[in-house]
**Q** 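Have a look at this one.
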Amino acid sequence: MWDTLIINPMVNTLLWIYSILGQNFGLSIILFTLLVRLLTYPLTAQQMKSAQAMQEMQKSKKWQDMQKKYKDNREKLAQEQMNLYKEMGVNPFGSCLPTLIQFPIIIGLYQAVIRALAVTPVQLLDLSIHIYPFVNAASLIPLNNRFLWMDLSQPERLPIFGIGIPVLAIFVVITTYLQSKLMTPISQPGEQGAQMAQAMNLYMPFLMGWLAYSFSSGLALYFVASNLFTIIQYAAMGKINWRNLIPARK
Amino acid sequence: MKPRHLTFIALIIFLAATVTACAGGATAATSWPGFVADDQNIYLAYNQHIYAIDLATGFEVWRFPGEPDNKITFYAAPSLTVNGQLIVGGYDHVLYSLNPETGAVIWTFSDAKDRFIASSLVHDSLIFAPNAGQKLFALNDQGRLRWTFESQGAHWAKPVTDPDCNCIYLPSMDHHIYSIDSETGRLNWQTDDLGGSIVGTPAYDPGGVLYSGTFAREVVAINAQNGAVLWRTPTDGWVWGGPVLVDGSLFLGDLNGTLYAINTQSGEINWKIQADGPISDSPLVTEDTIYFNTETGSIYAVGKDGSFVWPASKTLGGKLYSTPILADETLIVAPVGADALLYALDLNGNQKWTFIPSEN
């Protein structure tokens with residue numbers, strides 16, 4: 001089921017893009033990322049709509065009063081919040097779905113990149129039975145796994161003065177942090193959502209950086225491209241909060 | 001730390017563990033067993049060890065290395081030299097020469113930058129070791145480098161030699177076959193792009209023709225003098241294992257599970273039979289019987305006319321990728337994922353012994 005629905009379509013799409021892009025697997029991953037962003041655009045739009053509704057609701061007098069009234073009774077507060085969500089037609093989990101969707105895509109893409117590059121006999125044999133008829137894989141294999149200074153099947157290190165620097169992993173940390181900061185709505189200090197966002201902004205870049213450091217650089221390339229496309233997409237829609245990058249005055 | 005932060009960190013660790021699990025363990029098998037036999041022993045390369053196994057009893061004689069090392073794995077079938085060496089390449093980029101009687105290391109060659117996936121060709125006193133790093137290394141029998149040949153692709157197949165012209169033929173994943181002077185390493189010729197990778201050893205006819213299967217779903221006949229294609233015969237699937245040439249016929253299987261007998265003169269298919277799964281290595285052709293394995297774990301015995309010798313295929317459990325070998329009237333097969341690493345069968349398919357390595 002996982003192979004049929006996630007891995008095989010990803011592998012074949014990657015191979016197809018590879019065949020039309022002059023057999024450059026790095027560019028294939030970047031274009032594939034763009035396609036994923038376009039395909040998940042309805043979810044992204046829904047996420048933004050939900051986040052905006054949530055933000056407006058949290059600014060409302062009713063919400064503020066509720067926070068004060070039940071500040072010592074968390075159970076009651078949660079109950080009243082749920083009632084308000086229903087009353088105002090806000091789905092509290094609506095903004096989480098696109099983030100959760102990213103997880104199977106990340107895992108699937110990692111497996112798809114490794115399967116497509118097929119650097120061992122078992123992987124190549126496995127690849128051979130998952131290729132769709134319209135992809136002329138025989139003429140493409142072995143895939144060119146070089147992109148810039150990287151071997152896309154291996155964790156990336158750029159040797160500088162004899163030391164392997166994980167340049168792409170550093171880019172992943174920076175772009176993930178930028179993405180998180182720029183897309184977080186401006187919130188009032190002490191809000192629950194703001195606390196969660198702070199936790200996300202703090203831990204997510206390091207998680208993504210660690211994944212980029214440890215696994216094949218093809219996955220890291222996907223992370224960087226995905227982060228940049230997301231920032232561009234949000235900027236084009238006027239939803240970027242540039243002020244989040246500037247430290248607030250006390 | 002706040003409970004919400006702890007939950008988030010737990011989620012991160014879960015995701016990391018999930019992705020790591022997808023990557024597989026450090027010693028997960030990435031290929032299938034390779035093995036060879038002499039009068040006394042079978043030498044099996046699989047995962048973290050080379051095993052010497054007594055041919056008559058199935059008992060372990062020695063293993064190399066004594067203790068497993070996660071950085072060292074072996075899959076290519078070892079090669080025996082006439083002066084008593086067992087040559088085997090590792091995924092640790094090292095070529096080893098072992099004493100076949102004791103498993104002691106005689107010498108190592110560590111100049112390669114990539115894995116040794118294919119077996120080495122031993123001819124006269126030279127060792128030709130194809131490497132996944134696009135190079136073919138020629139060494140003398142003391143492990144000294146004589147010359148290096150580089151192509152555009154990885155080499156996953158053992159070369160074949162042509163004693164008449166002092167040359168060897170090297171198949172490559174870059175879709176070409178190369179003819180190389182075995183003394184100097186100089187290129188004699190290379191074929192045009194054959195349309196797909198070649199990962200099986202070509203068959204050489206002393207009449208001056210090479211036969212090879214390719215991923216382009218074809219068997220090709222090539223003029224051994226200049227690399228020109230003489231004929232092409234389409235197959236149903238990718239051809240992984242090299243063809244076997246016997247009495248003017250080629251026998252080979254493809255990943256679609258079809259076994260072919262092909263006329264070498266015309267390229268016409270004499271007959272073909274359908275098996276129950278992909279055939280990923282060459283068949284074993286004896287005087288009157290063809291034995292071959294399928295990935296689904298079946299062993300077939302058919303006559304040279306395509307008729308079934310065994311009324312039904314045998315299954316041992318696990319998957320069968322490697323060519324069976326025949327030693328002392330015993331058929332040896334090495335399944336992956338079965339209870340034992342080796343099964344010895346009589347020529348009717350009845351089990352004689354199995355080899356299960358003891359725990360270290």
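Computed from a predicted model, the values in this text were never measured in an experiment. Proteins come first, then strands; the chains are lettered A, B, ... in the order of their sequence lines, and each starts at number 1.
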**Q** Which heavy atom in A/Ile141 sits nearest to a heavy atom in B/Trp238, and how many Å separate them?
**A**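 That would be CD1-CH2, 3.3 Å.
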
**Q** Tell me whether A/Phe147 at atom CZ has more than 12 heavy atoms from other residues, nucleotides or ligands lying less than 6.0 Å away.
**A**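 Yes, enclosed.
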
**Q** Got a second to check how far A/Leu124's CG is from B/Met173's CE, nearest 0.5 Å?
**A**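 The distance works out to 5.0 Å.
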
**Q** Between B/Arg217 and chain A, with a heavy-atom cut-off of 4.5 Å, which part of the residue counts as in contact: side chain, backbone, both or neither?
**A**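 No part of B/Arg217 comes within 4.5 Å of chain A.
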
**Q** Heavy atoms only, distances under 4.5 angstrom: which of B/Ser280, B/Ser197, B/Ala216 has the most pairs with chain A? Name it, please.
**A**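 Maximum pair count with chain A is reached by B/Ser197.
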
**Q** Taking the side chain as every heavy atom from C-beta outward, state whether A/Pro121 and B/Tyr321 have any pair of such atoms under 4.5 Å apart.
**A**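 Answer no - side chains too far apart.
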
**Q** Pick one of side chain, backbone, both or neither for A/Ile114, based on which atoms fall under 4.5 Å of a heavy atom in chain B.
**A**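 When you check distances to chain B, no heavy atom of A/Ile114 falls under 4.5 Å.
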
**Q** So does A/Thr120 get a backbone contact from the side chain of B/Thr30, meaning a donor-acceptor N/O pair under 3.5 Å?
**A**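 It does not hold such a pair.
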
**Q** Are there more than 12 heavy atoms of other residues, nucleotides or ligands under 6.0 Å from atom CG of B/Asp192?
**A**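 No, CG of B/Asp192 has 12 or fewer neighbouring heavy atoms, counting only those of other groups under 6.0 Å.
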
**Q** Is any side-chain heavy atom of A/Leu125 closer than 4.5 Å to a side-chain heavy atom of B/Lys319?
**A**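 No, side chains not in contact.
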
**Q** If you count every heavy atom of other residues, nucleotides or ligands that lies below 6.0 Å from B/Gln152 atom CD, does the total exceed 12?
**A**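 No, CD of B/Gln152 has 12 or fewer neighbouring heavy atoms, counting only those of other groups under 6.0 Å.
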
**Q** Within a radius of less than 6.0 Å around OH of A/Tyr213, do more than 12 heavy atoms belonging to other residues, nucleotides or ligands occur?
**A**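 Open: at most 12 neighbouring heavy atoms sit under 6.0 Å from OH of A/Tyr213.
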
**Q** Give, for atom CG of A/Asp126 and atom CD of B/Glu295, the distance between the pair rounded to the nearest 0.5 Å.
**A**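 Going from CG on A/Asp126 over to CD on B/Glu295, the span is 8.5 Å.
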
**Q** Counting only heavy atoms not in B/Gln274, do more than 12 fall under 6.0 Å of its CD?
**A**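 More than 12 heavy atoms, drawn from other residues, nucleotides or ligands, come within 6.0 Å of this atom.
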
**Q** Looking at B/Trp231, I want to see if its CH2 is surrounded by more than 12 non-hydrogen atoms of other residues, nucleotides or ligands under 6.0 Å.
**A**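 Yes, enclosed.
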
**Q** Taking CZ in A/Phe171 as the centre, count heavy atoms belonging to other residues, nucleotides or ligands within less than 6.0 Å. Is the count above 12?
**A**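 Open: at most 12 neighbouring heavy atoms sit under 6.0 Å from CZ of A/Phe171.
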
**Q** Measure the spacing between OG of A/Ser139 and CG of B/Leu194 and express it to the nearest 0.5 Å.
**A**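 If we round to the nearest 0.5 Å, A/Ser139:OG and B/Leu194:CG are 13.5 Å apart.
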
